[in-house]
Each structure stands twice: as structure tokens, then as C-alpha cells.
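As the structure lists them, so they are numbered: ligands from 1, and atoms in each ligand from 1. Computed from a predicted model, the values in this text were never measured in an experiment. Residue numbers run from 1 in the order of the sequence given.
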Amino acid sequence: MSEQQLKQHRDAIDRIDIEILHLLNQRAQHAREIGEIKGGGIIYRPEREAQVLRRIKEQNPGPLPGESVARLFREIMSECLALEKPLSIAYLGPEGTFSQLATLKHFGHAARTVACSSIDEAFRLVEARALDYVVAPVENSTEGAVGRTLDLMVSTPLKVCGEVVLRIHHHLLRNSAGIDGIRRVYAHAQALAQCHEWLNKNLPADVERVSVASNAEAARLAAEDGSCAAIAGQAAAERFNLLKLAENIEDEPNNTTRFLVLGHQDVGQTGQDKTSLIVSAPNRPGAVHYLLAPIADNGVSMTKFESRPSRAGLWDYVFFIDVEGHHDDPNVAKALQGLMERTSFVKVLGAYPQAVL
Ligand SMILES: C=C(O[C@@H]1C=C(C(=O)O)C=C[C@H]1O)C(=O)O
């Protein structure tokens, strides 16, 4: 390619960048005016954001991949929303956890992410309206449910208004090269479980495995002591300046964690939604089958079914159920009505758009 051709393309890019710049600011101006119309009411509208992202993916002519343009527009919306009112989001800290990554993936980098010392504290701060939303891990594809989040959902007045699905990659991290001399590996209990087979195969049997409160805490400890390693993700590796001795050591290559976003609002329909609910059933043969019949009878698909011992009575169970559709969709509404006729405890946690990114 000649210098002349290169210059032509660069000149074109310079012109386009200025056009994009003006268009971005025009977009932001509309968002600011929308903020004034909302007049201090609810600013964040997950249903609208999901529709914007889905439309961008559908109409994307390429060559940029749909996922990439959606990620760019995620950040554009984040900045536009921040002009209306910056959002503050509680997550399970410290900085560098997968919960923080999930928060940024869902709200973009203009949101203020606030590290909390426990999932309980994150819920409390949002319940007390000191922060706007909480992002809490709810299930991992390898390890199953996050019990503490489920327990908090039974009693919280907060409503689910979104979900985030995050691919989880774990790395073996240390402050120097090579695995010689490692006496201990720190990790969150879930990360230890998710890398169990890799650890059995690749580290000597006498290396101690110690579970700590978060992967970021594990990385912090490994940064301080050269005889220790950590299992954690990219964000923690960068934050604590650690070397990656081995990458993507999770046993299950499609390892993902699903997070829920909770706040104080109801979310409208988008046509591709989910509804989360909790029901209880007596501990009798056939009780669960009887209870769930209205879901199948109304042609509603169930995407999650998780049982947990109820705190109320010994050996009574509560069931965490996700179904496809919004609780205002006619078939879902009928299914919910049927459930309510069959059990004394149904709590609809919220309806929200299915994850787009
Ligand atoms: C601009 C709005 O406010 C927020 C920002 C949005 C955007 O930048 O497109 C979309 C939804 C809201 O979360 C709106 O409600 O339309």
C-alpha cells in the first residue's frame, strides 16, 4: 500500500471520527433532556437499554461483529445515563472480583461501582437507598447455586431488574515465575472447586489449598508472599501485578457465572424477558409435581429450578424458579395465578430482560 493510499484512509477516518463525535454528543443531549422529563424519577430503564442493544445487534451491517458493537453501545449508554444521574452499584468486593467485572459489563464504566465486604452488606446498602442497585452472583455453571444470595432473596424487598452472564476464566498467579517452591494456593472456595482437577494434575499433592473470601483477596495474599500462589481472574492479576503461571485452568471450559441485578423498580416488557420467583411446597410425595403443573399447562418454559431448605420449618423446601417471559405476558400471568391457587407462598422476585451481552 502506498503512502498516498494510507493517507486517504486516515483522512477519511479523521472526518468520520468528528462526525461520530458530534453524533455522540447529540445523543447525549437527548439523554440529558430525557433525564429532565423523568424529573428525578427512575432514571435507569433496563427494558429500554435491552431494546437499544438488541436493535444495534440486529441492524449491524458489519464488518464489526454484533457483540463488539453492542459492547461499544453499552458504554455509550452508560455515559449518556451518567449525564442524567450517575448510578452507584454495590457488588461483593474487594476490587478486582468477578462481581465487579459483571457490574461493569452490565452498567458500563460510567457507573460508580462500590465494593462491599459481603453480599449481605451489598443488599443492605441498596435496601437503605444509600446505593442504587446491587449485582449479586446467583449461580455458576460448574458449582451450582450461591446459597447466600438465594437466602437473601427470600426476605429482601428489592426486585430483580436484570441478569448478567459472565464467562469465568481462572489463572494460577504468583509474584515470581515457575511453580517450584509454592507451598500454598489461595482462592475463593468456588474457584478451588472449579479448578479441582487441574490442581490435582499440576501441583504437588502437599501444596495446601486455602479458601479465602474472594479471588481478589487470594491475589493480594499471593502478592505479599512468594511461597504462595492464587487462583483468580485477569482483573485481580492486573490489580496485584502478578504473573500468570498457567491460564484458563478451570476444569469446565464453558464455566460461566450468572448474576442478578436488584433495585427498587418494576421493569416493563421487552418481548424477551425472564421472571424469577420463589415458591414453597409441603414435603409430601407429588407436591412439587402438582405445584408446577400450571407452568407446563400454560406453555411456559422453566429455565431454572433450584431447591433450598426453608428457614421456617425443618425439611420444608423453597424453590427458586426462573421462567421465560414477563409476569405481564398473558401465559405467564395465568401460570402464576395457577401457582398461587396451589401454594400459600409465592414471591415474584421480578421480571427483567434476558441478558443481551
Ligand atoms: C435515555 C434514557 O435513559 C437511560 C439511558 C438510555 C440510553 O442512553 O439510551 C436508555 C435507557 C435509560 O437507562 C431513556 O430512558 O431513554
Is there a donor-acceptor pair closer than 3.5 Å between any side-chain N or O of Gln194 and the backbone N or O of Glu250?
-> no
For [atom], closest protein heavy-atom neighbour:
atom                    : result
atom 8 (O) of ligand 1  : Arg27 NH1, 2.8 Å
atom 13 (O) of ligand 1 : Glu49 OE2, 2.7 Å
atom 14 (C) of ligand 1 : Lys38 NZ, 3.4 Å

Checklist entry - Side chains of Gln51 and Glu47: is there a donor and an acceptor less than 3.5 Å apart? => result no
### Task
Consider only side-chain N and O atoms of Arg148 and Ser118, and report whether a donor and an acceptor are under 3.5 Å apart.
no
inquiry  = Is the contact between Arg48 and ligand 1 made by the side chain, the backbone, both, or neither, using heavy atoms and a 4.0 Å cut-off?
reply    =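 Answer for Arg48: side chain.
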Honestly, for Ile43 the part within reach of ligand 1 (heavy atoms, under 4.0 Å) is backbone
Does the ring center of Phe107 lie less than 6.0 Å from the ring center of Tyr44?
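Aromatic pair counts; centres sit under 6.0 Å.
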Q) Run the side chain to side chain contact (heavy atoms under 4.5 Å, CB included) check on Leu152 and Ile119 step by step: do they pass? A) CA-CA 9 Å; Leu152 287 167; Ile119 303 179; 3.7 Å; yes
Which of the numbered atoms in ligand 1 are under 4.0 angstrom from any heavy atom belonging to [X]?
X     : answer
Ile34 : 1 (C), 2 (C), 14 (C), 15 (O), 16 (O)
Glu84 : 1 (C), 2 (C), 3 (O), 4 (C), 5 (C)
Cys80 : 8 (O)
Leu81 : 4 (C), 13 (O)

Looking only at distance, does Tyr44 have an N or O less than 3.5 Å from an N or O of ligand 1?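 Checking ligand 1 against Tyr44, no N or O pair falls under 3.5 Å apart.
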